[in-house]
**Student:** 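One structure follows; several queries about it will come next.
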Amino acid sequence: MMLSITVYTLTAIVLFGLGWHVAKREERSLRAGGGELPFASWEIVLSIILFACVAGARYHTGYDHAAYLNRYIMYGTYGYFTRSMECGFDFITIAFVKLGIHYFFYFALWAALQIGLIYYALRKHKHLLPWVGALLMTGYYFLMMMNSIRQSVVMAMLMASMPLIENRKFFKFLIVTAMGCLIHQSAILLLLVYFIPKRPRFMDNLKVALPLFLLFVALGCFPYWMKLLDGVASCASSISYDRYSRQIELILNGGFRSTHWGPSRIMWIINVIVMIVMGRAVCKFYKSDSLIVRSFTFCYVGYCLSNLFINTSPFMLRPFEYLTSFSLIVIASEIHYLYKSRKYVYMVPLALMNFSYVYFEIYKAVYRASDVTLPTLYNLFFLS
């Protein structure tokens, strides 16, 4: 327990400090008539290395870590996989194994790609890096990224390719999507993301946006409407998404689950409500910056859909993480907006709520241990 608290907290503090330093250094450079600092500033490089080392040194932190580690060891021992994955992902895995590289560096590489692409997406928004760095470790993001390794790399690719969406460079975005499919086949869904409007007008109308979200929450509590998806299972199967096809068929036969209204779920409902209420003011503060505006839109759409499917299956919710992961940018921009506006009475509760997520998860892992909660705990590979 103490190791987990120490690692998550100290890493968050260091990432915050490095982000704060590079943001202030760029401010001084701009005031002095200089230009923006390059992406490869020493603070950002050090942040990527730190995050990669923390991720690489973990042992069974993240629900899927054991499966990925077993694949790595099995190929090194027997020379084959019991289950093949995407060709790009398997190519890198095989290359690392054949070169005799320790799995620390293998997992560190994927983590470096994740945070590196996220930080690259924010290269012109360095003022958000302190908050993003802290949220990565104390919010749900680190655990999500360590669990869904391949999908999180694709998610970070989406964030980094946002200018392609803004400038309507579809063919270049298509290339990014194709590259993502080499890591995780669900990257094909990014093509749908391309066509999401920048900011629909109804999102500026609180009387429409908030009730609509609450309607999706209510529908998700009683998912009998899922019968309408009768034809989706065969569609999922036709694009080699058999796992989702089986899940849909199970759900259509009444295989629902009941998601509890615990602190984590309530926190995210509150976050979405805050996002809806603050959206117009924050977007105006950032002068309708495309990345910020689209992040709010993606989050709204993602959380409406994820709440609609909340009582189906975790596998059904995975694709929506491409949209809900933009909450990392949304929450960071909200906190920064409140900080710059000196509205500390709102900023402090919002920050504390989001920076406390991982500690609730650690508490559950220690005092309500289960196969689901235990992967929250941070373990070092050389101590396990």
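Throughout, residue positions are numbered sequentially from 1 according to the sequence presented.
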**Student:** Any side-chain to backbone donor/acceptor pair from Thr11 onto Tyr8? Under 3.5 Å, distance only.
**Tutor:**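 Checked: no pair found.
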**Student:** May I ask you to check whether over 12 heavy atoms, not counting those of Phe91, lie within 6.0 Å of atom CZ?
**Tutor:**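 At most 12 heavy atoms, drawn from other residues, nucleotides or ligands, come within 6.0 Å of this atom.
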**Student:** Looking at Ile48 and Gly116, what are the two nearest heavy atoms and their distance?
**Tutor:**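 Where Ile48 meets Gly116 most closely, the heavy atoms are CD1-CA, 3.8 Å.
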**Student:** Could you state the interatomic distance from CD (Glu321) to OG (Ser152), rounded to the nearest 0.5 Å?
**Tutor:**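 The distance works out to 7.0 Å.
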**Student:** Return yes if some donor-acceptor pair links the side-chain N/O of Ser29 with the main-chain N/O of Arg25 below 3.5 Å, else return no.
**Tutor:**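 Checked: no pair found.
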**Student:** Keeping Ser295 on the side-chain end and Ile329 on the backbone end, is there a donor-acceptor pair under 3.5 Å?
**Tutor:**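 Answer holds: no.
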**Student:** Hey, is the main chain of Leu338 close enough, under 3.5 Å, to the side chain of Ser341 for a donor-acceptor pair?
**Tutor:**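 Side chain of Ser341 to backbone of Leu338, a donor-acceptor pair under 3.5 Å: no, none is there.
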**Student:** For Ser327 and Cys299, which heavy atoms make the closest approach, and how far apart are they?
**Tutor:**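 The answer is N-SG, 2.9 Å.
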**Student:** Quick check: are there more than 12 heavy atoms from other residues, nucleotides or ligands sitting under 6.0 Å from OH of Tyr63?
**Tutor:**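 12 or below, so no.
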**Student:** Looking only at the aromatic ring of each residue, does the gap between the centers of Phe320 and Phe309 stay below 6.0 angstrom?
**Tutor:**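 They qualify: ring centres under 6.0 Å apart.
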**Student:** For Leu380 and Arg58, what are the C-alpha separation, side-chain angles and deciding distance, and is it a side-chain contact (heavy atoms from CB on, under 4.5 Å)?
**Tutor:** CA-CA 5 Å; Leu380 291 164; Arg58 78 190 192 278; over 6 Å; no
**Student:** Should the pair Glu166-Lys198 be classified as a salt bridge under the 4.0 Å nitrogen-to-oxygen rule?
**Tutor:**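 Yes.
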**Student:** Only one of Leu164, Val193, Leu323, Leu189 forms a side-chain contact (heavy atoms from CB on, under 4.5 Å) with Leu158, so which one is it?
**Tutor:**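 Checked Leu164, Val193, Leu323, Leu189 against Leu158; only one passes side-chain contact (heavy atoms from CB on, under 4.5 Å): Val193.
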**Student:** Honestly curious: do Phe16 and Leu10 fall in one hydrophobic cluster under the side-chain, below-4.5 Å linking rule?
**Tutor:**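 No, no single cluster joins them.
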**Student:** Any salt bridge between Asp289 and Lys124, counting N to O under 4.0 Å?
**Tutor:**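 Answer for the salt bridge query: no.
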**Student:** With a 6.0 Å cut-off on ring centres, are His65 and Phe107 close enough?
**Tutor:**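 Between Phe107 and His65, which both carry aromatic rings, the centre distance is below 6.0 Å.
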**Student:** In Å, rounded to the nearest 0.5 Å, how long is the span from CE of Met278 to CD1 of Ile335?
**Tutor:**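 Between atom CE of Met278 and atom CD1 of Ile335 there are 9.0 Å.
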**Student:** Could you tell me how the ring of Tyr140 sits relative to the ring of Tyr357: parallel (under 30°), tilted (30 to 60°) or perpendicular (over 60°)?
**Tutor:**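 It falls in the perpendicular class, over 60°.
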**Student:** Do Phe173 and Val293 sit in one hydrophobic cluster, given that two such residues count as connected whenever their side-chain heavy atoms are within less than 4.5 Å of each other, even indirectly?
**Tutor:**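 No, Phe173 does not connect to Val293 through the hydrophobic network.
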**Student:** Indicate whether any N or O donor in one side chain lies under 3.5 Å from an N or O acceptor in the other, for Tyr359 and Thr9.
**Tutor:**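 Distance-only check passes for Tyr359 and Thr9.
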**Student:** Can you give me the closest heavy-atom contact between Asn311 and Cys221, atom names plus distance?
**Tutor:**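 Shortest heavy-atom separation between Asn311 and Cys221 comes out as ND2-CA, 3.6 Å.
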**Student:** Do Phe195 and Ile165 have side-chain heavy atoms sitting under 4.5 Å apart?
**Tutor:**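 Phe195 does not reach Ile165 side chain to side chain.
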**Student:** Might you point out which heavy atoms bring Leu191 and Leu174 nearest each other, and give the distance in Å?
**Tutor:**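 Nearest pair, atom of Leu191 first, then Leu174: CD2-CD1, 3.7 Å.
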**Student:** State, with a plain yes or no, whether a side-chain heavy atom of Phe96 is found less than 4.5 Å away from one of Tyr72.
**Tutor:**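 Yes, close enough: below the 4.5 Å cut-off.
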**Student:** Establish, yes or no, whether a centroid distance under 6.0 Å links the rings of Tyr300 and Phe202.
**Tutor:**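 Yes - the distance between ring centres of Tyr300 and Phe202 falls below the 6.0 Å cut-off.
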**Student:** Here's a test for you: under ring-ring contact (aromatic ring centres under 6.0 Å, His included), which of Phe296, Tyr337, Tyr339 qualifies with Phe285?
**Tutor:**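 Checked Phe296, Tyr337, Tyr339 against Phe285; only one passes ring-ring contact (aromatic ring centres under 6.0 Å, His included): Tyr337.
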**Student:** Calculate, to the nearest 0.5 Å, the distance between atoms OG and OH belonging to Ser4 and Tyr363 respectively.
**Tutor:**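 Reported value, rounded in 0.5 Å steps: 15.5 Å.
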**Student:** Which atom names give the shortest non-hydrogen contact between Leu374 and Ala365, and what distance separates them?
**Tutor:**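 Reported closest heavy-atom pair: CD2-O, 3.6 Å.
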**Student:** Within the side chain of Glu86, is there an N or O that forms a donor-acceptor pair under 3.5 Å with the backbone of Gln185?
**Tutor:**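 Yes, because the side chain of Glu86 sits within donor-acceptor range (under 3.5 Å) of the backbone of Gln185.
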**Student:** Could you state whether Leu30 and Val22 fall into the same hydrophobic cluster, counting links through intermediate Ile, Leu, Val, Met, Phe, Trp or Tyr residues with side-chain heavy atoms under 4.5 angstrom apart?
**Tutor:**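 Different clusters: Leu30 never reaches Val22 through Ile, Leu, Val, Met, Phe, Trp or Tyr contacts under 4.5 Å.
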**Student:** Does the ring centre of Phe326 sit less than 6.0 Å away from the ring centre of Phe298?
**Tutor:**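 Ring centres of Phe326 and Phe298 closer than 6.0 Å.
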**Student:** Given Ile44 and Leu129, is the side-chain contact (heavy atoms from CB on, under 4.5 Å) satisfied, shown in steps?
**Tutor:** CA-CA 9 Å; Ile44 293 178; Leu129 291 183; 4.1 Å; yes
**Student:** Are the charged groups of Asp64 and Arg318 less than 4.0 angstrom apart, N to O?
**Tutor:**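 Looking at Asp64 and Arg318, the cut-off is met.
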**Student:** Take atom CZ in Arg123; do more than 12 heavy atoms of anything else shown fall under 6.0 Å from it?
**Tutor:**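 Result for CZ/Arg123: enclosed.
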**Student:** Between Glu27 and Lys126, does any side-chain N to carboxylate O distance fall below 4.0 Å?
**Tutor:**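 Result for this pair is no, no salt bridge flagged.
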**Student:** Just grab all the side chain to side chain donor-acceptor pair (under 3.5 Å) pairs involving residues 267-279, residues at least two apart or on different chains.
**Tutor:**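 Listed once each, the pairs are Asn271-Asn354.
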**Student:** Answer yes or no: is there a donor N or O on one side and an acceptor on the other, between the side chain of Tyr141 and the main chain of Leu328, under 3.5 Å?
**Tutor:**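 Such a contact is found between Tyr141 side chain and Leu328 backbone.
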**Student:** Side chain to side chain donor-acceptor pair (under 3.5 Å): which pairs involve residues 167-183, sequence neighbours left out?
**Tutor:**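 Qualifying pairs: none.
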**Student:** Is it possible for you to say whether Leu109 and Ile101 belong to one hydrophobic cluster, with membership spreading through side-chain heavy-atom contacts below 4.5 Å?
**Tutor:**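 Leu109 clusters together with Ile101.
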**Student:** Verify side-chain contact (heavy atoms from CB on, under 4.5 Å) between Phe81 and Ile94, making sure each step is shown before the conclusion.
**Tutor:** CA-CA 10 Å; Phe81 298 120; Ile94 293 170; 3.8 Å; yes
**Student:** Do you see a donor-acceptor pair shorter than 3.5 Å between the side chains of Thr373 and Ser370?
**Tutor:**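 Short answer, yes.
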**Student:** Please check if the side chain of Asn307 supplies one atom and the backbone of Gly220 the other of a donor-acceptor pair under 3.5 Å.
**Tutor:**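 No, because the side chain of Asn307 does not come within donor-acceptor range (under 3.5 Å) of the backbone of Gly220.
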**Student:** Does CE in Met179 sit with more than 12 non-hydrogen atoms of other residues, nucleotides or ligands closer than 6.0 Å?
**Tutor:**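 At most 12 heavy atoms, drawn from other residues, nucleotides or ligands, come within 6.0 Å of this atom.
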**Student:** Answer yes or no: is there a side-chain heavy-atom contact under 4.5 Å between Asp204 and Arg199?
**Tutor:**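 SC-SC contact between Asp204 and Arg199 confirmed.
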**Student:** Out of curiosity, Ile331 CD1 to Leu350 CG, how far, rounded to the nearest 0.5 Å?
**Tutor:**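 Interatomic distance, Ile331 CD1 to Leu350 CG, rounded to 0.5 Å: 7.0 Å.
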**Student:** Taking Asn70 for the side chain and Ala66 for the main chain, is one N or O donor matched with an acceptor at less than 3.5 Å?
**Tutor:**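 Here the side-chain-to-backbone pair exists.
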**Student:** Could you tell me whether Phe51 and Phe142 have their ring centroids closer than 6.0 angstrom?
**Tutor:**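 Yes; Phe142 has its ring centre under 6.0 Å from that of Phe51.
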**Student:** Do Ile270 and Met353 come within less than 4.5 Å of each other through their side chains, counting heavy atoms only?
**Tutor:**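 Yes, their side chains come closer than 4.5 Å.
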**Student:** If you take the centroid of each ring, where Trp contributes its six-membered ring, are Phe170 and Tyr194 closer together than 6.0 Å?
**Tutor:**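 Distance test on ring centres: under 6.0 Å, yes.
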**Student:** Using the rule given for side-chain contact (heavy atoms from CB on, under 4.5 Å), can you reason through Met145 versus Val153, listing the C-alpha separation, both sets of side-chain angles and the distance that settles it, and then say yes or no?
**Tutor:** CA-CA 8 Å; Met145 293 159 71; Val153 171; over 6 Å; no
**Student:** Give the minimum heavy-atom separation between Gln151 and Ser186, together with the two atoms involved.
**Tutor:**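 Closest heavy-atom pair between Gln151 and Ser186: OE1-OG, 4.0 Å.
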**Student:** Listing request: all side chain to side chain donor-acceptor pair (under 3.5 Å) pairs with a residue in residues 99-122, at least two apart in sequence or in separate chains.
**Tutor:**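 Found Thr93-Tyr106.
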**Student:** Using the ring of each side chain (for Trp, its six-membered ring), is His336 parallel, tilted or perpendicular to His127, with breaks at 30° and 60°?
**Tutor:**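 Plane angle between 30° and 60°, so tilted.
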**Student:** Strictly distance-based, threshold 3.5 Å: is any side-chain N or O of Ser288 a donor or acceptor partner for the main-chain N or O of Lys284?
**Tutor:**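 Flag not set: sc Ser288 to bb Lys284 has no pair under 3.5 Å.
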**Student:** In Å, rounded to the nearest 0.5 Å, how long is the span from CG of Leu210 to CG of Asn205?
**Tutor:**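 Going from the CG atom of Leu210 to the CG atom of Asn205 covers 10.5 Å.
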**Student:** CZ/Arg294 to CE/Met162 distance, rounded to the nearest 0.5 angstrom?
**Tutor:**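 Spacing of CZ (Arg294) from CE (Met162) equals 6.0 Å.
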**Student:** For the rings on Phe89 and Tyr68, is their centre-to-centre separation under 6.0 Å?
**Tutor:**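 Under 6.0 Å, so yes.
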